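Report on the structure given below.
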Amino acid sequence: GDSVTQMEGPVTLSEEAFLTINCTYTATGYPSLFWYVQYPGEGLQLLLKATKADDKGSNKGFEATYRKETTSFHLEKGSVQVSDSAVYFCALMYGNNRLAFGKGNQVVVIP
Amino acid sequence: NAGVTQTPKFRILKIGQSMTLQCTQDMNHNYMYWYRQDPGMGLKLIYYSVGAGITDKGEVPNGYNVSRSTTEDFPLRLELAAPSQTSVYFCATLAGKYNEQFFGPGTRLTVL
């Protein structure tokens with residue numbers, strides 16, 4: 001079935017560093033792809049999305065490009081802040097607008 | 001608009017007890033979803049509904065039941081709580097131009 005794989009393990013980096021979180025997917029066809037963010041003690045919020053190949057989603061300085069050749073949707077930010085510390089989930093949408101999520105990556109930004 | 005509200009925020013159950021997790025949305029969308037989130041495991045779909053009177057199983061439905069008598073409400077029922085059901089539960093509906101899922105704040109459930 002359709003699935004999403006995120007890179008293993010937490011990510012710890014210093015303020016103003018470059019962030020990349022890898023996400024690859026397996027799906028029939030070309031599903032819509034999403035990144036959600038979860039701040040401590042809160043629910044999930046949509047960060048950005050892409051609905052077709054070569055689309056670039058962007059929000060709050062984060063970007064991700066839908067690459068069908070590599071079945072990837074990697075999340076990037078050029079200069080992280082302490083306030084970006086959160087858990088980030090990659091997801092794809094399949095039948096009846098259901099979401100399949102990756103396991104998530106904890107990001108910790110150190111001042 | 002409140003969006004999606006969930007009650008309670010926290011609950012501790014004893015093994016074998018039952019409870020209902022409430023979810024209400026005011027976004028007037030037909031589609032609603034229940035997920036559970038276990039540490040390091042992402043979110044798994046329990047049940048979903050495409051409209052009042054219609055429900056279907058997700059990936060991990062065992063031990064749960066749902067009903068959908070109105071567009072607004074989608075309660076999740078645990079009949080015989082087990083420690084394996086300790087988790088954070090999120091309800092969601094659809095919103096936006098591309099039907100993104102919009103999540104409630106969650107219910108943290110512990111079964112002892």
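Since the structure is predicted, the reported quantities are computational estimates derived from the model, not experimental observations. Side-chain atoms are counted along with the backbone in the values below, which use heavy atoms only and exclude waters and symmetry mates. Every chain is numbered from 1 and lettered A, B, ... according to where its sequence line falls, protein lines coming before strand lines.
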Please determine whether a side-chain nitrogen of the Lys or Arg among K52(A) and D54(A) lies less than 4.0 Å from a carboxylate oxygen of the Asp or Glu.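 Between D54(A) and K52(A) there is no salt bridge, as every charged N stays at least 4.0 Å from the carboxylate O atoms.
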Determine, for D84(A) against K77(A), whether the closest basic-nitrogen to carboxylate-oxygen distance falls under 4.0 angstrom.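 K77(A) and D84(A): salt-bridged.
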Counting only heavy atoms closer than 4.5 Å, note whether Q37(B) contacts chain A via side chain, backbone, both or neither. side chain
Using non-hydrogen atoms only, which part of L94(B) is less than 4.5 Å away from chain A: side chain, backbone, both, or neither?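 Contact with chain A involves the side chain of L94(B) alone.
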Does K68(A) make a cation-pi contact with Y30(A), if we ask for NZ or CZ under 6.0 Å from the ring centre and within 45° of the axis?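 The answer is yes, since K68(A) meets both limits relative to Y30(A).
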So, do Y36(A) and F103(B) have ring centers that fall under 6.0 Å from each other? yes
Establish, yes or no, whether a centroid distance under 6.0 Å links the rings of F34(A) and F89(A). no
At a 4.5 Å cut-off on heavy atoms, which part of [X] comes close to chain B: side chain, backbone, both, or neither?
X      : answer
L46(A) : side chain
Q38(A) : side chain
T51(A) : side chain

Between L44(A), N105(A), V87(A), N97(A), who has the most heavy-atom pairs with chain B when the cutoff is under 4.5 Å?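 Top option by heavy-atom pairs under 4.5 Å: N97(A).
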